[in-house]
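To start, the structure itself, in structure tokens.
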Amino acid sequence: MFILKGIEQLEKAIAKAKKIRPRVEFDHFGRYRVSGSKGYYTVICRKDERGIKTVACTCKGVEKGLVCYHSAAALSLHIGLAKQRQTA
Ligand SMILES: [Zn+2]
């Protein structure tokens, strides 16, 4: 799990996601399944009561504190949905 501080943090992972183009499946708001090299990973995007955004992925990279491309791919969908909810 990592704390999302800004989009700069995601740049490399976004570039990788654009290259790999994983499938992102919507589970429910804040929860997504992203295809990876060994099947699907679950990505959870959360915002706590203090407004701190965290992203968790079930892959190995995130355990080491890396921002994986699964997270980046899920986040791009999540951010779009979050905007829609705010304006709805
Ligand atoms: Zn991942």
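Counting convention: from 1, in listed order, for ligands and their atoms alike. From a predicted model like this one, the values you see are computed outputs, not experimental measurements.
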Has the side chain of Tyr32 got a donor or acceptor atom that lies under 3.5 Å from a matching backbone atom of Gly30?
yes

Under 6.0 Å from the six-membered ring centre of Tyr41 and within 45° of its axis: does the NZ or CZ of Arg33 meet both?
no

Could you tell me whether a side-chain N or O of Asp48 sits under 3.5 Å from a main-chain N or O of Ile52, the two making a donor and an acceptor?
yes

Between Glu25 (side chain only) and Ser35 (backbone N and O only), is there a donor and an acceptor less than 3.5 Å apart?
no

Find the distance between CG (Leu66) and NZ (Lys12) and round it off to the nearest 0.5 Å.
10.0 Å

Please confirm whether the backbone N or O of Ile3 pairs with a side-chain atom of Thr54, one donor and one acceptor, at under 3.5 Å?
no

Around the Zn ion (ligand 1), list the protein N/O/S atoms within a radius below 2.8 Å, excluding water molecules.
Cys57 SG, Cys59 SG, Cys68 SG, His70 ND1

